[in-house]
Engineer: 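Following this message is one structure expressed as structure tokens.
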Amino acid sequence: MEYNDKLARFRQSHLNPFNKPRDEKSSREDRDDLASKDSPPGSPRCEPEFHCPERVMDLGVSEDHFSRPVSYVVRLLQGLFLASDIQQLRQAIEECKQVILELPENSDQQKDAVIRLIHLRLKLQELKDPHENEPNLRILLEHRFYKEKSKSVKQVCDKCNTFIWGLIHTWYTCTGCYYRCHSKCLNLITKPCVRSKVSHQSEYELSICPETGLDSQDYRCAECRAPIALRAAPNEARQCDYTGQYYCSNCHWNDLAVIPARVIHNWDFEPRKVSRCSMRYLALMVSRPVLKLREVNPLLFNYVEELVEIRKLRQDILVMKPYFITCKEAMEARLLLQLQDRQHFVENDDMYSLQDLLDMSSGRLSLSLTEIHTMFAKHIKLDCERCQAKGFVCELCKEGDVLFPFDSHTSVCQDCAAVFHRDCYYDNSTSCPRCMRLNLRKQEQGPGEESWQ
């Protein structure tokens with residue numbers, strides 16, 4: 001009996017539109033009575049609407065009266081979205097999937113249901129993720145991992161070689177070598193931080209691809225020691241052009257980098273395939289001035305004109321440096337900070353970084369250094385009277401303008417640093433006049449007395 005009552009109530013709440021209505025007269029009287037009750041007294045009587053039987057038949061054929069009503073679907077989705085624990089969210093996701101399949105394709109209701117399904121899955125991921133409360137800093141194998149806050153950046157995990165979806169994954173980045181990985185992969189890392197290697201051993205491999213053979217590595221990856229072979233598709237051996245060793249596909253992603261040894265010996269800037277570890281090491285070393293070209297390959301200056309030009313500009317800047325150190329205006333203007341990105345240019349003239357050679361090959365270094373050289377010379381020769389007073393007059397011809405040691409048409413005495421015209425200095429067979437004067441004064445003075453000029 002209870003089942004029959006439930007069935008009757010269900011049928012009353014879900015009327016079948018194909019059921020035959022009551023006779024036309026009784027239905028019209030019911031509508032008139034309802035309109036008279038709803039309308040205020042004295043209002044004109046509303047005429048009954050005209051119902052076309054063809055329209056009724058059209059609605060009965062075109063509309064799907066057996067599917068769930070839209071209002072019911074909306075209430076269902078709103079109820080699903082209130083789920084809080086993992087079990088409820090999983091059940092809500094399954095019900096939301098069923099609703100999406102039942103709704104008309106490409107309809108607005110179906111699009112809203114898909115959006116709610118995405119939010120439900122993200123909410124479930126947040127509840128399932130055990131790493132949300134992890135510390136912001138983790139130190140492993142000299143890595144300093146900081147938890148990233150960005151949710152919209154897609155990266156690749158350096159450990160498992162899969163995508164890092166910042167919207168649903170917790171991930172870390174090493175501030176030293178920029179090693180990126182999922183939070184779940186932190187405890188699986190076996191590679192130490194490359195920054196420590198750069199700090200303890202700041203030098204390049206200067207032999208071109210020093211290969212020793214795969215048998216010397218026992219047919220294993222040089223980094224993770226996984227088995228590799230030359231012709232095996234799953235475990236293909238990939239050679240790093242920088243170290244000459246072989247790596248597996250997880251440690252060698254066919255990244256391209258300029259090899260320092262090929263630049264120094266062959267002036268070859270073509271990028272070659274290197275392993276991930278070598279890629280990070282070269283990226284950290286690219287701005288370090290550790291290449292002494294005069295010792296490694298002195299013949300390179302005979303074939304590369306840009307090297308000779310850059311060396312002359314650097315020597316002139318080193319000569320200008322004492323002027324700026326003793327000049328108040330230059331110190332206030334901080335002229336030497338124009339070379340703060342290449343600090344070694346104001347310390348020596350023979351050390352180069354790989355970035356210097358890259359910029360030299362593209363022509364950028366020559367342009368920027370020439371501009372800085374012109375600005376420095378302008379300050380000394382035109383703008384600053386204090387620096388102008390430190391110039392020289394050629395004592396051989398005693399003609400012409402004030403000379404400076406960085407001028408292109410001058411020669412400098414190696415003993416007393418006096419400046420002369422180049423033609424005058426080489427045409428005069430006698431010794432330097434200033435050196436002769438200083439030697440004469442030393443002879444006239446006693447052995448215990450000293451003279452600075």
Side-chain angles (χ1 to χ4, degrees), residues 131 134-150 153 155-164 166 169-207 209-228 235-261 271-291 353-355:
H131 304 287
E134 287 188 354
N136 293 330
L137 174 64
R138 295 283 298 274
I139 300 177
L140 297 170
L141 298 176
E142 299 186 0
H143 291 280
R144 294 182 63 86
F145 287 106
Y146 276 88
K147 186 163 66 173
E148 293 290 344
K149 305 296 183 181
S150 176
V153 180
Q155 302 288 348
V156 178
C157 178
D158 289 320
K159 177 58 183 177
C160 62
N161 199 10
T162 58
F163 283 112
I164 300 175
H169 291 159
T170 303
W171 57 293
Y172 287 79
T173 301
C174 176
T175 58
C177 63
Y178 306 105
Y179 188 96
R180 300 181 182 90
C181 67
H182 296 98
S183 58
K184 63 182 180 180
C185 299
L186 277 178
N187 296 327
L188 304 177
I189 295 176
T190 58
K191 305 173 184 178
C193 184
V194 182
R195 173 72 70 175
S196 60
K197 181 179 178 181
V198 173
S199 302
H200 297 94
Q201 184 182 3
S202 297
E203 58 183 14
Y204 286 115
E205 174 61 54
L206 298 181
S207 299
C209 193
E211 180 183 5
T212 57
L214 189 57
D215 55 342
S216 64
Q217 300 178 204
D218 198 16
Y219 294 93
R220 294 183 178 274
C221 175
E223 188 167 346
C224 67
R225 307 305 297 169
I228 55 177
N235 299 322
E236 177 188 3
R238 300 179 179 179
Q239 186 181 26
C240 174
D241 196 81
Y242 174 69
T243 62
Q245 296 178 320
Y246 291 90
Y247 299 82
C248 64
S249 58
N250 292 330
C251 302
H252 195 310
W253 295 3
N254 290 329
D255 296 313
L256 299 177
V258 177
I259 309 302
R272 312 281 176 152
K273 294 181 180 180
V274 295
S275 64
R276 293 292 294 175
C277 183
S278 300
M279 183 71 178
R280 294 192 192 91
Y281 182 78
L282 293 175
L284 293 175
M285 288 283 294
V286 68
S287 299
R288 289 180 174 262
V290 296
L291 297 174
S353 67
L354 184 60
Q355 187 63 49

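Along the sequence shown, residues are numbered consecutively beginning with 1.
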Engineer: Does this structure show an ion pair linking Asp158 with Arg280, if we count only N-O contacts that are shorter than 4.0 Å?
Structural biologist: yes

Engineer: Has Thr170 got a side-chain atom pairing as donor or acceptor with Ser183's backbone, closer than 3.5 angstrom?
Structural biologist: no

Engineer: On a heavy-atom basis, which atom in Gly244 and which in Cys209 lie closest, and how many Å separate them?
Structural biologist: CA-SG, 4.0 Å

Engineer: Which class fits the ring pair His252 and Tyr247: parallel under 30°, tilted 30 to 60°, perpendicular over 60°?
Structural biologist: tilted

Engineer: Roughly how far, to the nearest 0.5 Å, is the CD1 atom of Ile228 from the SG atom of Cys221?
Structural biologist: 5.5 Å

Engineer: If you measure from NZ on Lys273 to CG on Leu256, what distance do you get to the nearest 0.5 Å?
Structural biologist: 7.5 Å

Engineer: If you compare all heavy atoms of Asp241 against all heavy atoms of Ile259, which two are closest, and at what distance to 0.1 Å?
Structural biologist: OD2-CG1, 3.4 Å

Engineer: For Lys191, I'd like to know if atom NZ has over 12 heavy atoms of other residues, nucleotides or ligands within 6.0 Å.
Structural biologist: yes

Engineer: Look at the side chain of Lys159 and the backbone N and O of Leu188, then say whether any donor-acceptor pair between them is shorter than 3.5 Å.
Structural biologist: yes

Engineer: Restricting to non-hydrogen atoms, name the atom on Thr243 and the atom on Pro210 that form the minimum distance, rounded to 0.1 Å.
Structural biologist: O-CG, 3.4 Å

Engineer: Please work out which of the three classes, parallel, tilted or perpendicular, describes the rings of Tyr204 and Tyr281, given edges at 30° and 60°.
Structural biologist: perpendicular

Engineer: Between the side chains of Tyr246 and Glu211, is a donor N or O closer than 3.5 angstrom to an acceptor N or O?
Structural biologist: yes

Engineer: What distance separates Leu284 CG from Met279 CE, expressed to the nearest 0.5 Å?
Structural biologist: 11.0 Å

Engineer: Rounded to the nearest 0.5 Å, how far does OG of Ser278 lie from CD of Glu223?
Structural biologist: 8.0 Å

Engineer: Taking the side chain as C-beta and beyond, is there a heavy-atom pair between Arg180 and Tyr172 under 4.5 Å?
Structural biologist: no

Engineer: Could you go through the side-chain contact (heavy atoms from CB on, under 4.5 Å) check for Arg238 and Asn254 one step at a time?
Structural biologist: CA-CA 8 Å; Arg238 300 179 179 179; Asn254 290 329; 3.6 Å; yes

Engineer: Examine distances only and state if a side-chain atom of His143 and a backbone atom of Arg138 form a donor-acceptor pair shorter than 3.5 Å.
Structural biologist: no

Engineer: So which heavy atom on Asn161 is nearest to which on Asn250, and how close?
Structural biologist: ND2-OD1, 4.2 Å

Engineer: Just do the side-chain contact (heavy atoms from CB on, under 4.5 Å) check on Cys181 and Leu186 with the steps written out, would you?
Structural biologist: CA-CA 7 Å; Cys181 67; Leu186 277 178; 3.5 Å; yes

Engineer: Evaluate side-chain contact (heavy atoms from CB on, under 4.5 Å) for Met285 paired with Leu354, printing each intermediate quantity in order.
Structural biologist: CA-CA 8 Å; Met285 288 283 294; Leu354 184 60; over 6 Å; no

Engineer: Look up atom CD in Gln355 and atom OG in Ser287, then write down how far apart they are to the nearest 0.5 Å.
Structural biologist: 5.5 Å

Engineer: Is it the case that Glu148 and Thr173 place a side-chain donor and acceptor less than 3.5 Å from each other?
Structural biologist: yes

Engineer: Are side-chain heavy atoms of Arg144 and Ile139 found at a separation under 4.5 Å?
Structural biologist: yes

Engineer: Run the numbers on Gln217 and Gln245 for side-chain contact (heavy atoms from CB on, under 4.5 Å), then give the verdict.
Structural biologist: CA-CA 8 Å; Gln217 300 178 204; Gln245 296 178 320; 3.3 Å; yes

Engineer: Less than 4.5 Å apart, any side-chain heavy atom of Ile189 and any of Tyr179?
Structural biologist: yes

Engineer: Considering only heavy atoms from C-beta outward, does the side chain of Cys193 approach that of Cys174 to under 4.5 Å?
Structural biologist: yes

Engineer: Considering all heavy atoms of both residues, which atom of Cys251 and which atom of Ser275 are nearest to each other, and what is their separation?
Structural biologist: O-CB, 3.6 Å

Engineer: How many angstroms lie between CH2 in Trp171 and NE2 in His182, if you round to the nearest 0.5 Å?
Structural biologist: 10.0 Å

